Amino acid sequence: MKVYQTNEIKNIALLGSKGSGKTTLAEAMLYECGVIKRRGTIEAKNTVCDYFPVEKEYGYSVFSTVFYAEFLGKKLNVIDCPGADDFVGNAITALNMTDTGVILIDSQYGVEVGTQNIFRTTASLKKPVIFALNQLDGEKADYDNVIEQMREIFGPKVTPIQYPLACGPNFNAMIDVLLMKKYSWGPDGGVPTIEEIPESEMERAKELHQQLVEAAAENDETLMEKFFDQGHLSEDEMREGIRKGLVDRSIFPVFCVSALKDMGVRRMMEFLGNVVPFVNDMPAPVDTQGNDIAPDANGPLSIFMFKTTVEPHIGEVQYFKVMSGTLTPGVDLDNITRGTKERIAQIYCVCGQIKTQVDKLCAGDIGATVKLKDVRTGNTLNEKGCEIAFDFIKYPAPKYQRAIRPVTESDAEKLSAILSRMHEEDPTWEIVQSKELKQTILSGQGEFHLRTLKWRVENNDKLPIIFEEPKIPYRETITKAARADYRHKKQSGGAGQFGEVHLIIEPYVEGSPVPDTYKFGNQEFKMSVRDTQEIPLSWGGKLVVHNCIVGGAIDARFIPAIVKGLMDRMEQGPLTGSYARDVRVCIYDGKMHPVDSNEISFRLAGRNAFSEAFRNANPKVLEPIYDVEVMVPSDVMGDVMSDLQGRRAIIMGMSSENGFEKISAKVPLKEMSSYSTALSSITGGRSSFTMKFASYELVPGDVQEKLLKEYAEQNTEE
């Protein structure tokens, strides 16, 4: 294969909602470039991009797939991304690694929520966007309606390059207003017939051509002056203007294709080869120090590992982008992220599972390697002396959780290794071993996201697993002051155990002064603080302990043991066994024995005194509350609102955004367990949501009673 220079490389992400036809379009692109001799189909399970067993099982993409095409003397690196929102992490990774997004829209259904979400990501990353209206030969295809909808949502920058002469099963011809030609195809698609525009279409074609010329001229002062002087631009001048407009996101060209019949695909690829920005046309990526790192083939060598897959007979395959310099096989690199060294023995260009060994990859190019010792997704590898590091891919917070465990407990370690490997393949799968909940919590973007993982573990790794409802990380706290004392006394022959602790607890509020007097009934307790410990809790809040012992009732050496006893109960609250938080404790009195007192005695005395006081301090259970934003079509707004209110949601606001309704609400985590599934069911998969931890709030009284009863029953059973 030819060695392509940075100014000959274009990196493109293939994006769109589930079912929009990306994998089919990828097949047509590979066929047009001669990479494959025959186009595969999803039904036949023989496409280049969907080659993993789970993708063949479900019939659509689960992973992003890298492929390349040599076309018009350029190298097009394309990353085909899954369309389902559950696999959005792949699209986010791809957009960070590429320079242009091609967003497919199903002409039968128009702009879907997933399309909007992807477009927002391109906007946040400032990436050029090209739209391709696919499935124009579908029964419900409506070009004019979709264009109108796109302009409502994405604005007036949506600029048609082509329009069809007919939609639906009769689609077989279109007018290209950039080249001012008519393209038509036979029943099987393929090579088009290119003709002059018929008179009946000339007026519309000229009008759209003029709009395109104006959009191109707006991006360059010289072109604008020429347009004003002459009233037109040459084809090359229009390409230059459109390229600049793409970089500035001031123009979003729209193409017409039928990926299934290979109509319009080659023409769109000509545009990709001739017009979209090269790697070095785009703003330089920024490293962790805030420095621009230009894709210079003569610069210091630095590569970023953006994707990991595990393939049969090969093992781990690591995908990378050459951020700077030129990579050759056999080079030794420093893993800046992990502090280790790696040798890159072979480098490949990749088309799905087909790997072609190459001798060199220049800055901006995308490739793969195998058999690395200690490399993870997101690592930066540099030549010696180069300190560049990258960390720019930010993934959305998870939206769906399940506790996961193997059917056979002895397989726990094996499952842990599998989950760790899968996180490398898809960083939006998050795995946490929760000491608090005593569960392994698997988080992802939706039910299908986790179901896919389960299928792979059980079918590929032959390890049966169980998904369970995850426990909720409740918190316990108190709402008033309370007093208690406890004597621990044990005699068993020889030295015994003795410790007595008197303490007062109250709610802790940051910055509040320590009262010098407490009153319980007719009895007053004066405090004289000798020493204070503030213990920040890893789960939030604080435990503040005041040593108010006077007269040597308890020796100072036993105070740490008492604090340990208090922490025992903070880690396993008296009400539900959840973590407790925000408690202030005054240890003011007690007794000890000259022989029998020891640390364990005072630890147990402190623990039990705290438990008794806690129960008398009007204790409350707190639950995690999340900020939830839901994007829904207006026709199902009422149903979604009713469902949220049934989940104890507090609606914080509603607004319209690009043709969709946005609902903002605060919802308890307990009620979000199956929300992604319910929302998909209510809206037919046309909605999406995000959730982010907000705060801990008191649970309603009836919910608290239920939790206390469940905990008591559980302890009785044990």
Side-chain angles (χ1 to χ4, degrees), residues 1-15 29 32-33 35 66-80 94-103 122 125-132 161 178 215-216 219-220 222-223 234-253 255 266-286 292-304 306 319-327 349-351 358 360-367 390 392:
M1 178 191 287
K2 171 187 169 183
V3 175
Y4 287 89
Q5 302 302 313
T6 303
N7 61 0
E8 298 174 312
I9 298 168
K10 303 190 179 193
N11 296 326
I12 298 157
L14 208 51
L15 309 158
M29 293 173 73
E32 286 289 351
C33 295
V35 177
V66 178
F67 68 90
Y68 70 91
E70 297 177 275
F71 193 71
L72 302 179
K74 289 101 176 177
K75 185 183 182 192
L76 307 181
N77 290 313
V78 183
I79 304 180
D80 174 28
L95 276 169
N96 276 277
M97 292 296 100
T98 58
D99 303 308
T100 302
V102 174
I103 300 180
T122 67
L125 296 173
K126 300 178 180 176
K127 300 289 184 175
V129 166
I130 294 165
F131 289 107
I161 300 287
L178 173 56
N219 303 299
D220 187 287
T222 305
L223 293 179
S234 69
E235 188 179 316
D236 286 342
E237 288 167 340
M238 287 181 68
R239 285 175 175 166
E240 183 60 26
I242 293 170
R243 181 183 294 115
K244 290 181 177 178
L246 282 167
V247 174
D248 296 338
R249 285 179 60 88
S250 60
I251 184 171
F252 302 129
F255 284 81
R266 186 174 187 84
R267 172 68 190 109
M268 187 180 77
M269 290 190 67
E270 289 171 356
F271 184 86
L272 297 178
N274 289 325
V275 181
V276 304
F278 290 100
V279 170
N280 53 337
D281 289 331
M282 296 297 295
V286 178
D292 290 345
I293 307 299
D296 179 4
N298 297 314
L301 178 58
S302 178
I303 65 175
F304 180 76
F306 68 87
Y319 293 80
F320 59 83
K321 182 177 182 181
V322 183
M323 307 301 290
S324 172
T326 299
L327 179 66
C349 284
V350 181
C351 263
V358 293
K360 189 182 291 187
L361 290 174
C362 296
D365 214 339
I366 289 173
F390 296 97
F392 44 69

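On a predicted model such as this, the values are computed, not experimentally measured, just so you know. Keep in mind that the numbers below use all heavy atoms, side chains included, and drop hydrogens, waters and symmetry copies.
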With Asp365, which residues qualify under salt bridge (charged side-chain N to carboxylate O under 4.0 Å, His left out), at least two apart?
->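 Listed in chain order: Lys75.
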Qualifying residues under side-chain hydrogen bond (donor to acceptor under 3.5 Å, both in side chains), relative to [X], sequence neighbours excluded:
{"X": "Ser302", "value": "Asn382"}
{"X": "Thr326", "value": "none"}
{"X": "Thr6", "value": "none"}
{"X": "Lys244", "value": "Asp220"}

Residues in side-chain contact (heavy atoms from CB on, under 4.5 Å) with [X], at least two apart?
{"X": "Val286", "result": "Asp292"}
{"X": "Glu237", "result": "Leu223, Lys226, Leu233, Ser234"}
{"X": "Ala216", "result": "Ile242"}
{"X": "Gln5", "result": "Val3, Asn7, Glu8, Cys362"}

Contacts of Phe390 that satisfy ring-ring contact (aromatic ring centres under 6.0 Å, His included) - sequence neighbours left out |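 Listed in chain order: Phe392.
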ring-ring contact (aromatic ring centres under 6.0 Å, His included) partners of Phe320, counting only residues at least two apart =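 Listed in chain order: nothing, the list is empty.
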Show me the donor-acceptor pairs within less than 3.5 Å that the side chains of residues 269-281 make with the rest of the protein, sequence neighbours left out.
from	atom 1	to	atom 2	distance (Å)
Asn274	ND2	Glu270	O	3.2
Asp281	OD2	Phe278	N	2.8

